[in-house]
Structure formats: C-alpha cells, structure tokens
Amino acid sequence: RGRGRPRKNSLPQIKVSLLPNKFPLSPGVTLYIEDNGPGIPKSERDSVFQRGYRSEDVRDAVEGTGLGLNLSMNIIQRMGGMLDILDDGPSHLGGATIRLILFRNS
C-alpha cells in the first residue's frame with residue numbers, strides 16, 4: 001500500500017456499518033468506519049491515539065492536527081466504550097478500519 005495518498009485510479013470510499021454487539025461482548029452496538037485509503041501501519045496504531053501525533057507518511061499529504069483520534073478515544077472511554085484499529089472490516093475496503101464499541105447501560 002502507498003502511504004498518505006489514495007490509491008491510484010480509485011475513487012475515495014468510506015463505509016460506516018452499525019451492528020449489534022455479539023457474544024462475548026455485552027449488549028450494545030459496534031460501529032465500523034472503513035475507507036479504501038492507504039491504511040494505518042500496524043507499527044503506528046498505538047501512536048495515532050496520542051495527542052498531536054501525525055505520521056511522517058501523511059504530514060505533507062493530509063491536513064490535520066493529530067487531535068481527532070485522541071479526542072475520540074477520550075470521549076469513548078469516558079462513555080465506557082472502546083476504540084481501536086483493525087486490519088479489515090465487514091466491507092473489506094482495504095484501507096483503515098476504525099472500530100467503536102459501545103455498551104448499553106445495565
């Protein structure tokens with residue numbers, strides 16, 4: 001995969017899927033946000049949640065401040081949920097897949 005740029009000859013795509021949590025997770029929902037971009041390398045998956053982190057591969061190609069995933073993680077954790085990055089999602093778009101898991105209050 002190229003880093004920081006969309007794949008050549010491919011229109012940018014994003015897909016959001018909302019699914020009920022399955023066992024062994026507690027009742028709630030799982031939200032998958034997928035794209036067909038260059039993805040997030042495994043070596044950077046923890047780093048992208050650090051406040052202000054911007055990969056060298058995308059600093060010049062993509063605008064941003066490096067705050068979005070950090071703020072999202074903090075809000076979701078305060079709600080008792082989880083946020084992580086997967087290798088693939090239900091739509092198999094081939095780029096980044098962000099998974100957000102929320103639970104119903106008991």
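These numbers come from a predicted model, not from an experiment.
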Check: Where the side chain of R54 meets the backbone of V62, is there a donor-acceptor pair that is under 3.5 Å apart?
Finding: yes
Notebook entry, point to check: Does the side chain of L31 reach to within under 4.5 Å of the side chain of V16, using non-hydrogen atoms?
Noted result: yes
Notebook entry, point to check: Counting only N and O atoms by type, is there a donor-acceptor contact under 3.5 Å from the side chain of N21 to the main-chain atoms of T30?
Noted result: yes
Check: Among the clusters formed by ILVMFWY side chains lying less than 4.5 Å apart, do L69 and I14 turn up in the same one?
Finding: yes
Check: Does the side chain of L100 come within less than 4.5 Å of I33's, by heavy atoms?
Finding: no
Item checked: Polar side-chain atom of D35 near backbone of Q13 as donor-acceptor pair, under 3.5 Å -> no
Notebook entry, point to check: Side-chain donor-acceptor pair under 3.5 Å between T97 and D88, yes or no?
Noted result: no
Check: Rounded to the nearest 0.5 Å, what separation is found between the OG atom of S26 and the CG atom of L102?
Finding: 12.0 Å
Margin query: Can you confirm whether M82 sits close enough to F103 that some side-chain heavy atom of one is under 4.5 Å from a side-chain heavy atom of the other?
Written below: yes
Check: Are any side-chain N or O atoms of N70 and backbone N or O atoms of F49, one a donor and one an acceptor, separated by less than 3.5 Å?
Finding: yes
Margin query: Looking at R51 and L67, would you say the former's side chain and the latter's main chain have a donor-acceptor pair under 3.5 Å?
Written below: no
Next item on the list: Please tell me if the side chains of V48 and M73 come closer than 4.5 Å, counting only heavy atoms from C-beta onward.
Entry: no
Next item on the list: State, yes or no, whether a side-chain contact exists between Y32 and L86 at a heavy-atom distance under 4.5 Å.
Entry: yes
Notebook entry, point to check: Is the closest basic N to carboxylate O distance between D84 and R45 below 4.0 Å?
Noted result: no
Checklist line | Side-chain donor/acceptor of E34 to backbone N/O of H92, under 3.5 Å | finding: yes
Note to self: Quick check on D46: does its CG atom have over 12 non-hydrogen neighbours (other residues, nucleotides or ligands) under 6.0 Å away?
What the structure shows: no
Notebook entry, point to check: Same cluster for I75 and I85 if Ile/Leu/Val/Met/Phe/Trp/Tyr side chains link at under 4.5 Å?
Noted result: yes
Margin query: For the backbone of L83 and the side chain of R99, can you confirm whether one donor and one acceptor N or O come within less than 3.5 Å of each other?
Written below: no
Checklist line | Y53 vs E44 side-chain heavy atoms within contact, under 4.5 Å | finding: yes
Check: Do you reckon I76 sits in the same ILVMFWY cluster as L18, going by side-chain contacts under 4.5 Å, direct or chained?
Finding: yes
